[in-house]
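Throughout, protein chains are lettered first and strands after them, A, B, ... in sequence-line order, and every chain is numbered starting at 1. Keep in mind that what you see is a predicted model, and the values were worked out from it rather than measured.
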Amino acid sequence: MQGNLFTQVSKMKKFLIKTIFFIALILSIDFILGISLDFIRNSSQGGSFGKLNFICKSSDKDILIFGSSRAHYHYNSQIIEDKLKMSCFNYGEDGMGIIYFHGLYQIIRKYHKPKTIVYDIHTECDILEEDKTRFIAPLRPYIKDIGSSYFADIDPNDIYKNISYIYRYNSRFEDLLIGIRDSLKLQDMGYKAIDGIYINKPHRKEKENIDQLKLHYLEEFIKLCQSDGIKLLFATSPRYEATPTLVHKPVLILCNKYNIPYLNYYSGNYISNNSLYFADEYHLNREGSSLYSKVIADTLKCFFNKN
Amino acid sequence: MIFNSFEFIWLFPLIFCIYYFVAYAFKQKRNNKIENSFLLVVSYALILKWNPFYGFILFYITLVTYFSAIFIEHKKAYRKSHYIIGISLILSLIPLLYFKYYNFITSSLISFLQLFNFNIGLQGINYAIPIGISFYTLQAIGYLLDVYNNKIKAERNLWDYMLFVCFFPQILSGPISKAHDLIPQIKSHREFNESQATEGLKLILWGLFLKVVVADRLGITINYIYDDYLHQSGLFVSIACFLYSFQIYGDFAGYSLMAIGVGKLMGINLINNFQRPYLSTSITNFWHRWHISLSIWLKDYIYIPLGGNKCSKIKNYRNILLTFLVSGIWHGANITFIVWGLLHGMIQSIEKIFKLNKDNSHGIKKILKISITFILISFAWIFFRMPTCHDAIMIMKKMTIDFSIGVDVALPTIFWCFSLVTIVFLKDIVDEYNIAQFKLLHNKSRLVRWCTYIIITLFILFTGIFDAGQFIYAGF
């Protein structure tokens with residue numbers, strides 16, 4: 001009996017040793033590969049990594065445009081530059097919202113502080129409740145710059161997941177490849193134009209809930225920008241045949257509290273009611289974005305003159 | 001406890017260590033009472049943590065079937081057991097029928113009565129389906145029917161029986177165990193077996209790869225295409241159909257492998273649930289390889305009691321259709337699942353009529369049969385995937401009459417999806433034909449095995465989706 005128990009214990013010991021050895025081996029390879037991926041990321045010339053490297057290390061743009069795809073396709077940097085005689089870079093990222101941009105700004109501000117940030121508010125990404133983990137995924141490679149606690153609000157387990165260096169680059173293989181292969185196309189300063197005219201009927205979503213965490217991040221972003229002496233301006237660009245909505249009210253309350261201008265062009269104007277200016281329900285086409293960019297540039301001009 | 005969750009990474013090693021510590025600490029007693037009690041407490045704690053009400057439902061099913069089995073055995077002498085089995089089955093099925101099918105039954109009834117201009121208001125229920133209810137209900141009913149049919153003796157030890165029903169690796173999504181397989185293992189003296197435990201870890205690793213790398217990554221592309229299928233090209237809808245076959249395979253087989261792997265680590269062998277199903281040469285053969293535990297359950301408790309194939313041909317075909325009607329209904333409370341089940345039943349009947357269900361072909365003929373079977377299965381999965389029959393038919397229309405090849409998904413994404421499918425397919429080929437030198441996880445060379453473990457782990461970390469939802473079958 002004792003002999004059998006001894007055999008069992010020694011088998012268990014052998015199994016545990018092999019398992020622990022495997023885990024140690026994985027952690028070592030993870031660390032080495034992670035360092036290599038960090039190097040590739042820092043050397044990236046193109047793609048999303050290249051874009052952030054450019055903004056942080058190679059540029060001193062006066063105006064940065066932040067926001068989701070609606071920022072990306074709506075704010076023509078060249079038009080804004082020409083009108084204001086100030087450099088401008090469109091840092092719109094498809095599908096991203098304030099949780100991402102607040103983290104992103106924490107990285108950028110270590111290298112460079114712009115004079116102005118124009119933030120395009122998108123209801124789904126910045127105000128309404130939805131899955132938030134996608135906002136922190138692109139920030140994981142920059143965990144050293146942002147701090148691991150940043151992710152805990154969204155996913156308390158993310159602190160532990162990010163122990164793995166490789167996990168920080170989860171699903172970013174294509175971005176790393178593009179970073180090495182491509183170089184950043186700077187002729188449009190981050191702005192991307194879509195061509196085409198929207199011909200379908202817009203689809204209406206049901207009422208959704210306000211996300212208090214997103215509002216918290218909006219407020220923290222405002223405080224951070226103000227502490228850095230940056231002029232912050234919120235805008236909501238047009239959406240095709242949008243109806244007036246109270247969903248932007250929390251943003252308006254925050255803007256009033258911190259004396260931030262909020263330009264709401266979401267609905268009820270000559271751009272939002274005209275399908276010729278839209279490529280789809282959410283996004284202005286080339287012509288529409290040019291028109292809108294001129295409006296924004298004029299507004300910014302007045303804003304700068306006042307201040 | 002979801003196997004691809006962070007919770008599993010820290011909680012399961014803790015359960016493992018405490019389990020074997022308890023096993024060794026109480027070795028002198030030479031029985032499994034303490035270890036089994038620990039497993040029972042852990043299994044119930046995990047269910048109660050999910051929702052205390054689910055634990056109550058599980059306990060109710062356990063008690064009903066436990067006492068019914070004893071009562072049936074007792075009353076057999078008086079030939080009254082058939083009344084008891086009827087009542088027991090109804091009592092056991094009530095939670096499943098209520099939580100899973102009530103809304104479907106009432107909405108179907110309302111729609112049917114409206115055809116005759118009868119309008120009735122029946123309120124639906126708004127409760128989530130208790131997790132795993134479809135699986136443990138079938139498992140418990142299977143036990144009850146085995147006792148009734150004199151295949152096994154009623155289990156008198158309530159704790160052992162409770163563990164049989166609630167054993168945590170299998171409770172969420174199976175496999176559905178037979179009492180004569182699992183209860184003896186629960187009762188028997190279990191010792192730590194290093195090779196069994198190592199095999200368990202390999203199954204967990206490969207299962208996790210199938211789930212988070214293959215299934216969830218394919219799911220992103222498939223959802224993108226299917227969610228807006230009307231505006232997608234025929235080519236891409238067809239690609240989504242093909243990829244979905246592998247998504248559901250990766251999802252369900254991945255989970256099953258992890259469940260079996262966890263079981264092995266605890267010293268218990270659960271039934272293998274998948275046997276390279278897409279290498280089937282017929283739909284009949286497919287159901288010997290896909291969700292094997294459910295197939296066995298349906299065969300033993302629906303098909304054979306109906307008469308099986310020990311009756312006229314017409315009745316045999318009827319029995320096949322009815323069995324797969326039940327399968328469809330079990331899979332979900334929607335007409336689409338019923339259509340899916342009936343499709344499988346119909347095709348199997350046709351195979352029987354034309355004697356196409358025999359697995360004796362070779363070479364080109366075999367490859368042709370495998371390809372045709374896969375196409376039929378993929379078509380049937382459309383009904384499984386889409387929310388309505390109308391959507392399913394529209395998808396099929398798109399695939400068959402829309403020859404546009406507009407590209408709306410990035411080519412690297414498509415390339416990556418097909419690479420994953422190829423990896424899964426090649427592994428199945430290697431396992432099917434036992435090509436020893438390519439069996440990387442079971443290679444003779446330790447270096448090859450360890451390199452394989454490392455590569456799979458790195459793949460999981462680098463490309464696995466960890467923010468996705470639960471397993472497709474966990475919804476059952």
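Of the two parts of A:Leu16, only the side chain, counted from C-beta on, holds a non-hydrogen atom closer than 4.5 Å to a non-hydrogen atom of chain B. Contact of B:Leu265 with chain A is made through the side chain alone, with heavy-atom distances under 4.5 Å. For chain A, the nearby part of B:Thr463 is the backbone; its heavy atoms alone come within less than 4.5 Å. Only the side chain of A:Ser164 comes within contact range of chain B, judged by heavy atoms closer than 4.5 Å. In this structure, chain B has no heavy atom under 4.5 Å from any part of A:Ile23. The contact between A:Ile166 and chain B is made by backbone and side chain atoms together, counting heavy-atom distances below 4.5 Å.
Atom CZ of residue B:Phe466 and atom NZ of residue A:Lys161 lie 8.0 Å apart, to the nearest 0.5 angstrom. Annotation: the span from B:Phe16 atom CZ to A:Thr19 atom OG1 amounts to 7.0 Å, rounded to 0.5 Å.
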Evaluate side-chain contact (heavy atoms from CB on, under 4.5 Å) for A:Asn170 paired with B:Leu461, printing each intermediate quantity in order. CA-CA 6 Å; A:Asn170 183 283; B:Leu461 286 170; 5.9 Å; no
Please step through side-chain contact (heavy atoms from CB on, under 4.5 Å) for the pair A:Phe15 and B:Phe192, ending with a clear verdict. CA-CA 10 Å; A:Phe15 173 77; B:Phe192 177 73; 3.5 Å; yes
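Exactly one of A:Lys13, A:Lys11, A:Lys18 qualifies for a salt bridge (Lys or Arg N to Asp or Glu O under 4.0 Å) with B:Glu194. That residue is A:Lys18.
Checked against a 6.0 Å centroid threshold, the rings of B:Phe462 and A:Tyr167 do not count as neighbours. A ring-centre distance under 6.0 Å is found for B:Trp450 and A:Phe22.
The closest side-chain heavy-atom distance from A:Tyr160 to B:Trp10 is not below 4.5 Å.
Annotation: A:Lys192, atom NZ; neighbour count of heavy atoms from other residues, nucleotides and ligands within 6.0 Å does not exceed 12.
Among B:Ile454, B:Leu201, B:Thr413, B:Ile9, the residue making the largest number of heavy-atom pairs under 4.5 Å with chain A is B:Ile454.
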